[in-house]
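Note that ligands are numbered from 1 as they come in the structure, with each ligand's atoms numbered from 1 the same way.
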Amino acid sequence: MSDLYQRETKCISNMAQLRFFPQAVIGGKGSYLTGDDGRRLLDFSASWGAASLGHAHPHVRDAVARVLTDQAGASYLSSANEPSVLLAEKLLSIAPGRARGRVWLGHSGSDANETVARMVVAATGRRRILAFQGAYHGGTVGSMAVSGHPALQAGARSSGLILVPYPNSYATGKPAIASAAALASLKEVFSKDVRPEEVAAFFIEPLQGDGGLLVPPPDFLAEIEKFCRQHEILLVCDEVKFGLGRTGLLHAFEHSGIEPDIVVFGKGLGGGLPMSAIVGPQPIMNHSPTFSYQTLHGNPACAAAALAVLETIERDGLVKRSAEVGSYMMESLSSRVGGLSLVGEVRGKGLAIGIELVSDRVNRAPAKLQTALTVYRAFQLGLVLYYVGANSNVLELTPPLTLSKGEADDGIAIISQALQDVIDGKVTKELVSQFAGW
Ligand code: PMP
């Protein structure tokens with residue numbers, strides 16, 4: 001364990017920690033981080049997708065530097081500033097038609113989803129919200145209130161929240177069965193004492209991320225959209241993790257051919273700086289002044305970083321690149337590790353890839369310990385990746401959108417080696433005893 005990691009334990013609280021191995025970094029460029037031991041670490045997480053253009057991208061750096069040499073304040077609460085306005089204009093130009101009204105800017109997926117959750121109830125007068133079991137919409141009280149992920153405190157859930165299952169094609173064996181079962185559960189909710197007219201909004205993830213990188217069956221979200229339209233329920237798409245090019249389309253919801261009313265962006269939007277956004281219809285987004293604000297919201301340096309991210313994605317064709325490098329990785333992973341006894345399924349879209357690990361391929365029993373050992377071993381071999389899932393058994397790959405095929409090859413070689421070492425019993429469980437992950 002490095003000196004920096006040790007020092008951290010003596011000064012920083014563990015409450016925000018989600019650790020898988022003793023990583024301590026002192027720098028980074030592109031797809032690589034620099035460890036405090038001097039090692040170069042290939043980053044297949046990109047800080048959970050937040051470093052969407054990799055680390056120290058020159059356009060993000062230059063945009064932030066320009067703002068900080070002649071700084072138009074630090075907030076948009078009591079003054080307009082140009083980077084916030086430019087960012088909002090840009091977001092409106094890329095938003096789906098139904099959402100093209102107004103933009104709210106925040107710091108994180110959590111504050112944005114919390115704002116949506118409060119706003120849709122206040123603006124519609126309907127008190128209930130629908131969301132999926134396993135959904136992660138944030139770590140603040142108000143965003144946990146509409147989440148269904150087991151790592152979030154269940155006690156914080158809103159009394160108006162209704163959780164329904166997200167289809168799990170791998171667990172059920174067939175996408176059509178998974179879809180039918182999930183839709184039947186939704187119907188069941190409304191066959192009892194709840195009326196759809198009580199529901200303000202349905203929060204969806206276009207792929208379920210922290211719940212296990214689940215790709216919905218082809219028609220599933222279109223059915224959800226149909227249900228929402230029938231009952232005038234607002235469809236809120238949480239694009240925080242997989243939006244803005246990661247899945248090989250600009251918006252991840254486009255894979256399902258749906259058009260949400262409200263779209264939430266975060267993580268990769270800021271290219272490594274804190275920035276989130278809600279885009280939605282004018283009457284709802286203009287609910288009332290002082291409804292949801294924090295001092296540094298609309299910070300011009302963060303807004304400029306986000307604008308640089310959106311411009312770079314467009315200018316460098318990163319959506320297409322994500323689709324290409326992503327399908328290259330899917331093919332390579334399927335052929336190199338897909339046949340290993342520990343690998344249940346390789347799935348994903350673009351550069352959002354999950355590898356579900358099982359201890360038994362017939363009954364698909366989750367291989368929780370082996371998953372923890374695999375990411376630990378990969379770290380030892382020079383690759384950063386973490387895991388997700390209600391059963392903590394899905395390796396998650398969300399590398400920078402700028403990843404090259406050569407870097408993809410290098411990372412996949414490490415994943416393959418790490419899995420083989422775990423299968424061969426070369427990685428001992430004591431290594432992960434201090435790393436609970438989630
Ligand atoms: N929505 C989704 C889909 C997420 O995956 C996350 C974070 N895992 C959030 C919201 C919350 O984002 P943040 O942690 O940046 O607040």
Could you note down all residue pairs passing ring-ring contact (aromatic ring centres under 6.0 Å, His included) where residues 271-290 supplies at least one of them, sequence neighbours left out?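 Listed once each, the pairs are His287-Phe291.
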
Let me check something: any side-chain donor-acceptor pairs from residues 128-139 under 3.5 Å, sequence neighbours excluded? List them with distances.
residue : atom : partner : partner atom : Å
Arg128  : NE   : Glu198  : OE1          : 3.2
His137  : ND1  : Asp238  : OD2          : 2.8

Note down each nitrogen or oxygen pair, ligand 1 side and protein side, whose separation is under 3.5 Å; give only atom names and the distance to 0.1 Å.
residue  : atom   : partner : partner atom : Å
ligand 1 : 1 (N)  : Tyr136  : O            : 3.2
ligand 1 : 1 (N)  : Asp238  : OD1          : 3.3
ligand 1 : 1 (N)  : Asp238  : OD2          : 2.7
ligand 1 : 8 (N)  : Asp210  : OD2          : 2.7
ligand 1 : 8 (N)  : Lys267  : NZ           : 3.0
ligand 1 : 15 (O) : Gly109  : N            : 3.4
ligand 1 : 16 (O) : Gly109  : N            : 3.3
ligand 1 : 16 (O) : Ser110  : N            : 2.8
ligand 1 : 16 (O) : Ser110  : OG           : 2.5

For the residue pair Phe190 and His231, categorise the inter-ring angle as parallel (less than 30°), tilted (30 to 60°) or perpendicular (more than 60°).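 If you compare the ring of Phe190 with that of His231, the planes turn out parallel.
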
Look at the rings of Phe20 and Trp48 and say which category their plane angle falls in: under 30° parallel, 30 to 60° tilted, over 60° perpendicular.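 Rings of Phe20 and Trp48: tilted, 30 to 60°.
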
Please report whether the ring centroid of Tyr386 lies less than 6.0 Å from that of Phe379.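 No: the rings miss the under 6.0 Å criterion.
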
Quick one: side chain to side chain donor-acceptor pair (under 3.5 Å) pairs with a partner in residues 364-373, sequence neighbours left out?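 For residues 364-373: none.
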
